[in-house]
Amino acid sequence: GRFFNGADAGHQRFALARVPARWQARGMGYVLYGDRRSGSAIVEMALGEIGAPFEPRPVPLDDSAQLAAGYRRVNPMGRVPTLILPDGTV
């Protein structure tokens with residue numbers, strides 16, 4: 001993964017919904033803001049499991065990037081991870 005090293009994963013497989021074909025056809029995807037220690041690995045694995053295209057955007061917690069004004073426009077609470085859905089919903 002982009003944020004996650006799967007070598008230390010102990011996850012189980014379970015059935016997840018598939019990404020709607022209309023989103024895939026339009027090239028629409030998810031945007032995942034996260035960092036290695038933010039919990040974004042679970043979201044990244046779930047998106048990979050359903051075959052959802054997504055763009056990872058790093059938010060370095062060591063630099064307190066989640067508190068920066070630019071990130072606060074994405075998530076006003078400054079929480080990480082943040083997932084933006086293809087329709088723009090946070």
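The basis for the numbers below is simple: all heavy atoms, side chains too, and nothing from hydrogens, waters or symmetry mates. Because the structure is predicted, anything quoted here is derived from the model rather than measured.
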Roughly how far, to the nearest 0.5 Å, is the CD1 atom of I84 from the CG atom of L32?
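If we round to the nearest 0.5 Å, L32:CG and I84:CD1 are 9.5 Å apart.
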Indicate yes or no: at least one non-hydrogen side-chain atom of Y71 is less than 4.5 angstrom from one of T82.
yes
Where do [X] and [Y] come nearest, in terms of heavy atoms and distance?
{"X": "R57", "Y": "Y33", "value": "NH1-OH, 2.7 Å"}
{"X": "Q66", "Y": "L61", "value": "OE1-CD2, 3.5 Å"}
{"X": "P86", "Y": "Y30", "value": "CD-CE2, 3.3 Å"}
{"X": "D35", "Y": "V80", "value": "N-CG1, 4.1 Å"}

Main-chain N/O of P81 paired to S40 side chain as donor or acceptor, under 3.5 Å:
no
Sorted by chain and number, sequence neighbours left out, side chain to side chain contact (heavy atoms under 4.5 Å, CB included) with R79 holds for N75, M77
